[in-house]
Number of protein chains: 2
Amino acid sequence: MDRPDVFLPPDDRLALDALSLLSNKWEPVVIAVLLESGPLRFSELEAAIPDISPNMLTKTLESLSEHDLIDRSVVTDSPLTVSYELTDAGRDLQPVFDSLIAWGSDHIGSVRPTVILGDRDRRLLELYGAWLDNEFDSQTVSDQAQLQRRFAETPDVVVFDIDLWDDDPPTFSRRCPGTTRRIGLVGDRPAPSLCAWPCDTFLRKPLRKDELIAAVDRQVERLGQPEPTREREAIESTLSLLEGTYSKQLLETDEHVAPLYDRLSSLDDSLRET
Amino acid sequence: MDRPDVFLPPDDRLALDALSLLSNKWEPVVIAVLLESGPLRFSELEAAIPDISPNMLTKTLESLSEHDLIDRSVVTDSPLTVSYELTDAGRDLQPVFDSLIAWGSDHIGSVRPTVILGDRDRRLLELYGAWLDNEFDSQTVSDQAQLQRRFAETPDVVVFDIDLWDDDPPTFSRRCPGTTRRIGLVGDRPAPSLCAWPCDTFLRKPLRKDELIAAVDRQVERLGQPEPTREREAIESTLSLLEGTYSKQLLETDEHVAPLYDRLSSLDDSLRET
DNA sequence: CTGTATCCCCATGGATACTG
DNA sequence: CAGTATCCATGGGGATACAG
């Protein structure tokens, strides 16, 4: 981008020149990622920026190298692995990003809640995403690895099919930020074992639009809720889902569900004390 | 510019969103100009940004308005005059530009001297500009008004045909920054009256490439020279030009030139004292 | 003076297939 | 794993003429 001949003091032209180095689609993204994560390999950058294609990443990295914002170094020869890291000049862009963040918080203030949608079915993902786009910043993932990475952003809400998670529920519990409200998606006839999942609520597939939006809204409203209340509501929600399918008698003797009833009474007790 | 789906904390995405508001050719220029000069009218913006066409300026201003970075207000209805000024959000971009300037000074450090070329003949301007482009940041103007505006940038050197300046030499002296080294362009047979022009040196047209570059180089080397030395060299240069055309006898009695000889001896005296 | 309305170019970005 | 090579589409940017 060339901007010859502007009646402006040299300092301002310098700022515009600097800005033009950041004025394309992917270069600032790569810089931001490297600022956050330190040196990364080609494949790690690809993973961190899902929407970039290998050729675009190559072009971007080449351009950044030419401008001396990143260094490329070969780690191993075979198989070939390389590492990209910021140069001093690149690292010194941190204050620029800081000032942009400060401005953004003041004037974009996009406090639209962030929602991660996770499902193996990409058609469904697209549909759900479209439903939520009016009200939320939604992003979609279609496997566990992607979902885990999204957790780094501490989204406000995660809506995910529990089948998406290959590992066990405790692993999910460890990966998912505590503050993130969790909505589990289950099949039409939920198994009692679903109560092992640390979700705030569950929705049965297939979803309806209003149902999904209402559920997400409800979770967003409850952001910052004190932990005991949150846990109580989660258990109640889980139990009420199961009670719609199974008899209470059956549930109270089920190995997965019984602990929830116990936990519920103990929570009720401690809440009654206060 | 859309950058969906990046694995990055919300703050960084905010920075990228903010950045994308500044990622086109003219919007940051308009912002920078308004930050420097305060509210401006459409025509003033056109003048400050010579390379923008009216339709591009319109588009740019519309886009800036949509993003709430500038406000448009009608000053008079007929003839229609409007004024554009930064909103609070726009003004708050100053720290962003500051950080860009800081980064630029550290890492672009393009300290190529800036040279303003002034001539009524645009073909010549283009030629001279091409000659200087290897070594200098040159910009061209073809009338007095443009030259005056360029002075706001305190260029390192100005090379201008003295016929370009419609007003008298004292006016030029007042407008041109003191630190800017001045090279006057004169016809083949310079009039003695040229010594009224406050130039560091003169060149006779037509110019040769090596001659022009050498002259500009010489002036750049002398940037920051103490004033008495500068004035002495300026007078010597002026006199030697005239002495190449006229007899010394004639010059010493000329009403324009005689004061220069006097001034020269008085400068020599004061220099000898130290 | 302050813009519109059209038309058009080409650089940026992207899809796809292939490779050391 | 870390890229290349090719081809293609879009839309940002611009030239020109016109208008309230």
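A, B, ... follow the sequence lines: proteins, then strands. Residue 1 opens every chain.
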Restricting to non-hydrogen atoms, name the atom on B:P28 and the atom on B:L22 that form the minimum distance, rounded to 0.1 Å. CG-O, 3.4 Å
Contacts of B:N55 meeting side-chain hydrogen bond (donor to acceptor under 3.5 Å, both in side chains) (sequence neighbours excluded), chain-then-number -> B:S53
Scan for side chain to side chain donor-acceptor pair (under 3.5 Å) pairs involving residues 84-94 of chain A, sequence neighbours excluded, and state none if there are none. A:R72-A:Y84, A:D88-A:R91, A:D92-B:H107, A:Q94-A:D98
With a 4.5 Å limit on heavy-atom distance, are the side chains of B:V115 and B:V158 in contact? no
Show me the side-chain donor-acceptor pairs of residues 116-128 of chain A shorter than 3.5 Å, one per line, residues at least two apart or across chains.
residue: A:D119; atom: OD1; partner: A:D121; partner atom: N; Å: 2.9
residue: A:D119; atom: OD2; partner: A:K205; partner atom: NZ; Å: 2.7
residue: A:R120; atom: NH1; partner: A:D163; partner atom: O; Å: 2.5
residue: A:R120; atom: NH2; partner: A:D166; partner atom: OD1; Å: 3.2
residue: A:D121; atom: OD1; partner: A:R123; partner atom: N; Å: 2.8
residue: A:D121; atom: OD1; partner: A:L124; partner atom: N; Å: 3.2
residue: A:R122; atom: NH2; partner: A:S142; partner atom: OG; Å: 3.3

For nucleotides 9-13 of chain C, which of its nitrogen or oxygen atoms have a protein nitrogen or oxygen under 3.5 Å away, and what is each distance?
residue: C:dG13; atom: OP1; partner: A:K25; partner atom: N; Å: 2.8

In whole angstroms, how far is the C1' atom of D:dG13 from the CD1 atom of B:I52? 10 Å
Test item: side-chain donor near acceptor, B:T171 and B:D168, under 3.5 Å: yes
Of all residues at least two apart in sequence or in a different chain, which pass the side-chain hydrogen bond (donor to acceptor under 3.5 Å, both in side chains) check with B:T58? none
Could you check how far CD1 of A:I49 sits from P of D:dG3, rounded to whole Å? 14 Å
Contacts of B:E36 meeting side chain to side chain contact (heavy atoms under 4.5 Å, CB included) (sequence neighbours excluded), chain-then-number -> A:L8, A:P9, A:D12
Heavy atoms of other groups near B:D77 CG, more than 12 under 6.0 Å: no
Side chain to side chain contact (heavy atoms under 4.5 Å, CB included) with A:S99: which residues, sequence neighbours excluded? B:V96, B:S99
B:T81: partners by side-chain hydrogen bond (donor to acceptor under 3.5 Å, both in side chains), with sequence neighbours left out: B:T76
At 10 degrees resolution, what angle do the end axes of the helix from C:dC1-D:dG20 to C:dG20-D:dC1 form when each is taken over five base pairs? 60°
Residues two or more places apart in sequence or in another chain: which of them pass ring-ring contact (aromatic ring centres under 6.0 Å, His included) with B:F42? none
Using atom names, set out every protein N or O paired with an N or O of nucleotides 1-3 of chain C below 3.5 Å, distance rounded to 0.1 Å.
residue: C:dC1; atom: O3'; partner: B:L80; partner atom: O; Å: 3.3
residue: C:dT2; atom: OP1; partner: B:R41; partner atom: NH1; Å: 3.4
residue: C:dT2; atom: OP1; partner: B:V82; partner atom: N; Å: 3.4
residue: C:dT2; atom: OP2; partner: B:S43; partner atom: N; Å: 3.0
residue: C:dT2; atom: OP2; partner: B:S43; partner atom: OG; Å: 2.7
residue: C:dG3; atom: OP1; partner: B:R72; partner atom: NE; Å: 3.2
residue: C:dG3; atom: OP1; partner: B:R72; partner atom: NH2; Å: 2.4
residue: C:dG3; atom: OP2; partner: B:Y84; partner atom: OH; Å: 2.6

If you take any heavy atom closer than 4.0 Å to DNA chain C, which residues from residues 141-149 of chain B end up in contact? none
